[in-house]
Amino acid sequence: MNKLLSAIACVIALGTPVTAQEISKLEKIGSFASLTRNEKSITLSCRDNSQVQLTILAPDLIRVRTSFAKSIPARDHSWAIAKNDWATPRWNLRETPEAIFVSTDEVEVVVHRSPLLIDFRDARTHEVINADESPMMYDAKGALAEMMFDPSAGMFVAAAKKLGFDEHFYGLGEKATRLDKRRERFINWNSDTPGYTEGKDPIYQTIPFYIGLQRGIAYGIFFDNSYRSYFDFGHSSQQRAWFGAEGGELNYYFLYGPGIKKILGRYADLTGHMPLPPMWALGNQQSRWSYYPNTMVEEVVRQYRERDLPLDVIHLDIDYMQGYRVFTVDSQRFPNPKDLADKLSRQGVKIVAIVDPGVKYQPPAKIGPPIKSLAPELEPQDQRYYVFDEGLEKKYFQQRKNGALFIPKVWPGESVFVDFTLPEARRWWGDLHRAYLDNGVRGIWNDMNEPSDFVDQTGKNQLDVVSYDEGENSTHAKNRNVFALLEARATYEGLERLKPDRRPYVITRAAYAGIQRYSTMWTGDTNSTWEALALNVPMFTTLGLSGEPFVGSDVGGFIGRANGELLVRAYQISFLAPFCRNHKVIDGYDQEPWRFGKYYEDIIRKYLKLRYQLLPLLYSALEEAHRTGSPLFRPLLLNYQDDPNTYNLDDEFMIGDDLLVAPIVRPDITSRLVYLPKGVWYNYWTNKKYPGSTMIRIDAPLETVPMFVRAGAIIPTGPDMNYIGEKPFDPITFSIYPDDKGSASTTLYEDDGASPAYKDGAFRRTTVNVRRAASGYLVSILAPVGNYNPGARKFSFVIKSAATSTVVAVADDGRARMFEVR
Ligand code: MIG
C-alpha cells in the first residue's frame, strides 16, 4: 500500500512545476574568493570552488556563465548563438572591500562579494535595473530530484531576481497566454499540444528569452540552456522572479535597453537576424490536411482565381507521400508532380510540402542492392525505402544508450529520427530536399518536430536517446528542445545549397532560440473558437518580442468548425500577419474563404486584396525586422514604451510604426473601445482625425476592422494583384497623413524579392519627406540608396487630410525631386 502511494506521489511529482519555495532548498553559490581578468572577461572563483565568468561582449551585452562547485569547463557551445566575434568594447574593473565593479559605457555590473549577488545598473545613473534576490543556486544534494523530469540528466541550476513591484515581463516565444507575463510561470519543453487553450504550457517552442520593463526601462535576459527550463515571474513568490533548468550551465546574457527595440536588435545580433524569405511568403496561402489528388489541388487554385481571391501558395500535407514516407510522392495521387507544379506556377501559385522528421522504419523486404534511381522519390518504396536505407547505412539515426535504434511511432507507424546534431546527417537531410525541388516544390513545412512521438508525448520514451552533440554524446534531456532548430537548419542549409540563387522558405512548428536564422513559424493546432482567436494578437506580438518576426496562425483555426463570422474576424487579424495561411484539420468542416457564403467571402476578398495593396508597406516592415530585429507585427508597447497604458494592451496591434489595428475577437460585436496612444490618428477608412492618449468607441461592423494611421506617416501601396510578381509595383501610391505640423515621412524598401542579392546591396531604399508649404504640401523624394533598379514606373501622391486632394503622379527615375501636392 505504502509502495503504491509513494509510486503515485512520485508520478505526480515528476515533472511538476518547481516553485520559488522549492528552489530555496538549493545550495547557494559560495562567496567570492579571487579573481582573474583577461581581455574581455573576468573570472571569479568562489569559496565552494564554483566559478562565475562575466564576459563583456558589447556595452549593453554581458554574459554570465557559472559553473557550480567546479571550474568553468573548456567546452563552450550553443546551437542558438550566431555571433562569437564581438569587438570588445571599452570597459573597466574596480574593486572595493564589498564588491567588484565591471562597467561599460552603458552597464555597470556590481558583484557583491559575500554573499555573492549580482546587480546590473545603468552606468550613467547607477540605477539598479536588475538584481539577484539570492545568490545563484544549484542542487548539490539532489533536493529537487523527485520533481525533475529526468533526475539522471543533470543538476538543477537557478537564478533568482528581485521582482519589481511594478515590473512587467514579455517574451518567452510561443506561449498560449497574454502579452504581459507578470505573475505567471512557464516550463520550456517542446510539446505537441493539439487543441491547446489559453494557459496550456508548455506548447511547441522554447525561446528562453524575456524582457523585463519597469519605470519605462527595459532589459533582456537570454538564459541559453536547452534543458527543460522554468521561468517564474512572481507566480510563486511576492519577491522573486526566477529561472532555472534541470541541467546544463547557468549561462545567461543580460541585454540592456533601456529601449526594447535596442534589446531586440542585440538579441538578433546574438542569436541571428531573420534572413528575408522570398517575397511571395507574404502572399496569401491556403492549406488543408490534405488536398489530394492533384486534381483537387488544381480545383482549389481554380476556385481562388475564378473567385478573384489572391493566392500565392498552396500546401501539401502528409497525404502526398507514399505511406507517410518523407521524400517520396504517391504516384496514384500525384502522377506527375512536376507537371502540377508547373501548371500552378503558370497561375502564380507555389507549392509548399510538409516534411516530418519521422522516417519510416522499414528494413528492406528483400536482400540485395538498393534500387538506384535519379528520382527515387517517384519509385515505389514498399520493398525498400531509400531514405531509411541510406540513413541506416550512414548511421545517422538516433540510438538509445544501449546502441539500439530508437523507434518512436509517428505517421508512418514505427519510425526513426535523424541525429541532427551530426553535421554530416544535417547535410544529408538537406541534400534529400532535391526530391522536392526537382518536382517544383518551393518551400518546406516542418511539422511534428518537438519531436512528437505517439508512443508517449511527454518525452519519457526518449530519455535514454543519445545525440552526438559534438562528441558530448548527451541525452534527450539536453537535446529535445534543440531538435527542431537543428532540423530547420538542415533544411534551410540544404535549400540554400541546392538553389543558391533563391531565398529558402521554411516553416516550423517547434523551435529553440535562434530559429529565426532558418525558419518562419506558425502557432500549431489551434481551435476554431473565439477564445483561440483572442490569443492571436498576444501570441504574435510575444513572438515578435522574442526574436521571431515571421509568425502566423491557421486562419479560422485548425480543429473544429469555424463559421463565417469567425473566419472573417480571423482574416481581419491575419491579413496583416506575416504568415497568412488558412488551414484545416482532416476531419474539420471546410474552411476556404468561400465556404460560408458570398457575404463572408466578399469581406474576406476585401481584406486579402488590401493585404496585397499594402505589400510595399509590409515588405518594408519585414526588411526592418530582418535588419533591426524589431518585428513588423507589434504590440503598441514596442512603439510607446513610455506609455503604461500599453503594457497590458493585447487586443490591438501595430504594423511597423504607422498602422494600428483593433480587431474584434468576440462574436456579435459591432463596435469596440480602442486605445489610441499619444499623437494624432486618422481613421484608415474615413480619414477622420482623432487626438490620441485616449480611448474612443468606434464602429466595427463585420465589414470593417477598426484601423488607424499615425499622423506623420506615409503609407505606400501598390496595385491589386492575384499573386506576387503578377505585375510590377507600378504605380506606388504614397498616402500622406500629415501631423499637426504638416509633416510626414516614410522609407520604402525594395529588392528583387527572390534572390539573396539584397545581402550584397541589391536593394533600393527611397525616403519621402513631406512638409506643409504655402498652398499645399511640399513633397521631396530623396535620392534612393542601394543598387537595385526596379525599372521605370510611377509614384503617386495623395494627401489624406484634405477632402479633395488631387493625385499627383511623377515618374520614378531614381533621382531626387521636389514638388507640391494639394
Ligand atoms: O498529428 O500533418 O500541426 O498543421 O495538418 C497531426 C497533419 C500532424 C499537425 C500539424 C497540422 C497538420 C497535421 N499535423
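Along the sequence shown, residues carry numbers from 1. Remember, it's a predicted structure, so these values are computed and weren't measured experimentally. We count ligands from 1, going down the list as the structure has it; atoms in each ligand are counted the same way.
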With respect to [X], determine whether any N or O atom, backbone or side chain, lies less than 3.5 Å from an N or O atom of ligand 1.
X	value
R581	no
D192	no
D317	yes

| task | Establish, yes or no, whether a centroid distance under 6.0 Å links the rings of F420 and F483. | result | yes

Quick check, are the ring centers of F209 and F231 under 6.0 angstrom apart? no

Looking at [Y], is [X] sitting on its ring face, NZ or CZ under 6.0 Å from the six-membered ring centre and within 45 degrees of the normal?
X	Y	answer
R581	W445	yes
R228	W189	yes
R400	F406	no

Distance under 4.0 Å to a non-hydrogen atom of [X]: what atoms of ligand 1 satisfy this?
X	result
R509	3 (O), 9 (C), 10 (C)
I318	2 (O), 7 (C)
I354	2 (O)
W445	4 (O)
W411	1 (O), 6 (C), 8 (C)
H583	4 (O), 5 (O), 11 (C), 12 (C)

**Q.** N-O pairing of K338 and D438 below 4.0 Å
**A.** no

Do K360 side-chain atoms and S415 backbone N/O form a donor-acceptor pair below 3.5 Å?
no

shortest atom 14 (N) of ligand 1-to-protein heavy-atom contact is with D447 OD2, 2.7 Å

For atom 3 (O) of ligand 1, the closest protein heavy atom turns out to be D525 OD1, 2.4 Å

### Task
Could you label the plane-to-plane angle of the H433 and W429 rings as parallel, tilted or perpendicular, counting under 30° as parallel and over 60° as perpendicular?
perpendicular

With heavy atoms and a 4.0 Å threshold, my read on which part of W522 contacts ligand 1 is side chain

